[in-house]
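Worksheet: the structure to be examined is printed underneath.
Throughout, protein chains are lettered first and strands after them, A, B, ... in sequence-line order, and every chain is numbered starting at 1. Every heavy atom of this structure was used, including side-chain atoms; hydrogens, water molecules and symmetry mates were not.
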Amino acid sequence: MKTSVRTRFAPSPTGPLHMGNLRTALFNYLFAHHHKGKLIVRVEDTDKERSEKRWEEDMLSNLTWLGLTWDEGPYRQSERTKIYKASLEKLLNEGKAYWCFCSSEQLAQEREEQEKRGEAPRYAGTCRSLSKKEAQEKLKNGVPGVIRFLNPGRKISFEDLVRGTIEFDTSLSGDFVIAKDSENPLYNFTVVVDDHDMKITHVIRGEDHIPNTPRQILMQEALGFESPQYAHLPLLLGEDRTKLSKRQGDMSVTRFRQEGYLPESILNFLALLGWNPGGEQEVFSLKELVEKFSLDRVQKGGAVFDAKRLEWLSGHYIRETPLEELTKLALPYLEKSGVPIESLDSKKLQSIVQLFQERLKALGELPELAGFFFKTELEYETDLLKWKDMSSQKASESLERASNVLNGIVEPWSPESLEKALLETAGEDKGGLLWPLRVALSGRKASPPPFDIASILGKNEAIRRIRHAQHLLTS
RNA sequence: GGUCCCAUCGUCUAGUGGCCCAGGACGCCAGGUUCUCAUCCUGGUAACAGGGGUUCGACUCCCCUUGGGACCGCCA
């Protein structure tokens, strides 16, 4: 029987989960689920200085919000020091790693000289010749030291599932540091131990990790571990075609969540950055993505994060969401902007949301667009009430006609009956009647039709707003 | 600078030697529906980086050039 697929998502909690990380998580999820395997979440918090609990929480809560569930973990590297220590000692005992007591000043100087000579900077191997006894002696005397991997300096090649064969000459790396001391292993080392310990079959990560791979393979060999399969994903790029980072603005998942992008749209968008199933379909549910996903259709070149495309997808999903659900999702956004939603009946709220369903790219836009419904006093330029080059006099007269129509409406007070009555009165001059009315009701240059607004506002409030507009025109 | 990776419309991409004077989507532009906005519909704009091979035939295979990116930490 073939061993079942196990992938992992292994972020370091040194900042908020961002779109680049998330895409890596998504691809790991898709690959694992496509093969009926498991996704493991591992928190790489070996850097005690920079790791923070709140970032771990940010990551986990966002994954949960997006529906990217995991099957094992979260494991924390900070809780696994014993495991690393054992492997570290094994390497030390077998002479595959050694203590180094070179000072950082010394090393900086070495590096500088190498660079001056146009060489690749690497550790010269000064402490290689130290005997175990000498090293023990120094440690006992409290001399600070690090642990270096004894690099055999071979050529290493591996099969990347998206790029094919990749070759490196590891002699260019020198003896790299794998632990700050026996208690504090470093990333490159913990990854090797954990991926083996957690029986990871496929390491799917960003292509920025390609240069780490040969080192990790070297350590796997030294420890007698089998290598997992590797798949290096193209990077997510900003507008400037460089790796997504702070420079391109806030790319945290939390930001997009707060702005009201639906999880489906984010997932759909990210999945198609660097991968596509080949057809002309553009909209995919998570389930469909799982069905169709395969690493051999992953792109090799980096992909620019196109915010416009995300907006389009987001708007699309908002339009697809059932009204009742959308209203529920929109509530927190209205509440946050100070709309007294307790005082509104849910029917009314729902019709308001419905009005903007086709106008929203993200739920966070709702308070701004629909705000006029909840205000007692609208603020707008009086001139906005005038249709084309209409005079104040004419505008006021137009509003008078509109209010007469509204007054004359007997049951039902609905968008349809309002539209019918108003259009009848307007005749050929629709703009002349509808524009001033719509502005009087909404206070905005752009808004849904006056019929819908008046219908939700109710007759009294609609007429009150018209009177107020007339007052503005004549004063 | 060294090492590695990459290269089709502005962007995401389809294309695995003839189906391609290159298809779709987003964006943008124009038109239709319309009081405005949005939705929706129709149409348009726009790309195989360059040069050599291989081949009857290259977007597709090979090489070079150019361009871009990543990495070069006692970060991950």
Suppose you measure atom [atom1] in [N] against the same atom in [M]; what distance do you get, rounded to whole Å?
| N | M | atom1 | result |
| --- | --- | --- | --- |
| B:A76 | B:G18 | C1' | 49 Å |
| B:U8 | B:G2 | C1' | 31 Å |
| B:G67 | B:G51 | C1' | 14 Å |
| B:C48 | B:G1 | P | 29 Å |

- Using a 4.0 Å cut-off on protein heavy atoms (strictly under), produce a 5'-to-3' string for nucleotides 33-42 of chain B with B for base contact, S for backbone-only sugar-phosphate contact, and - for none. --BBBBSS--

- Message: I need a per-nucleotide contact map over nucleotides 64-76 of chain B, read 5' to 3'. Cutoff is protein heavy atoms under 4.0 Å; write B for the base, S for backbone only, - otherwise.
- Response: -----SSS-SBBB

Considering only heavy atoms from C-beta outward, does the side chain of [X] approach that of [Y] to under 4.5 Å?
| X | Y | result |
| --- | --- | --- |
| A:F373 | A:I453 | yes |
| A:R205 | A:Y230 | yes |
| A:V298 | A:F293 | yes |

Under 3.5 Å for both donor-acceptor distances, Watson-Crick or wobble: does [N] have a partner, and if so which one?
| N | answer |
| --- | --- |
| B:C71 | B:G2 |
| B:C20 | none |
| B:C26 | B:G10 |
| B:U54 | none |
| B:U33 | none |
| B:U60 | none |
| B:U39 | none |

For atom [atom1] of [X] and atom [atom2] of [N], their distance in whole Å:
| X | N | atom1 | atom2 | value |
| --- | --- | --- | --- | --- |
| A:R163 | B:C6 | CZ | P | 6 Å |
| A:E282 | B:U11 | CD | P | 17 Å |
| A:L273 | B:A25 | CG | P | 18 Å |
| A:N276 | B:U16 | CG | C1' | 14 Å |
| A:E113 | B:G2 | CD | C1' | 18 Å |
| A:Q281 | B:C26 | CD | P | 14 Å |
| A:N268 | B:C12 | CG | P | 17 Å |
| A:F269 | B:U11 | CZ | P | 14 Å |

- Task: Please find out if less than 6.0 Å separates the ring center of A:Y317 from that of A:Y261.
- Result: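 So the answer is no for these two rings.
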
[X] with [Y]: basic N within carboxylate O range, under 4.0 Å:
| X | Y | answer |
| --- | --- | --- |
| A:E221 | A:K96 | no |
| A:D194 | A:R8 | no |
| A:E282 | A:R309 | yes |
| A:E311 | A:K308 | no |

- Message: Once side chain to side chain donor-acceptor pair (under 3.5 Å) is applied, what residue pairs with a partner in residues 426-442 of chain A remain, sequence neighbours excluded?
- Response: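 Non-adjacent pairs meeting side chain to side chain donor-acceptor pair (under 3.5 Å): A:R438-A:S447.
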
- Query: Judged by modelled atom types alone, do A:S417 and A:S414 share a side-chain donor-acceptor pair under 3.5 Å?
  - Reply: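 Yes - a donor-acceptor pair under 3.5 Å links their side chains.
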
Students often get this wrong, so: under 4.0 angstrom with heavy atoms, is [X] touching a base, only sugar-phosphate, or nothing?
| X | result |
| --- | --- |
| A:E167 | sugar-phosphate |
| A:Q299 | sugar-phosphate |
| A:G274 | sugar-phosphate |

- Would you mind telling me which of A:F189, A:Y187, A:F149, A:Y123 makes a ring pair (Phe, Tyr, Trp, His ring centres under 6.0 Å) with A:F176?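 Going through the options one by one, the only one that passes is A:F149.
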
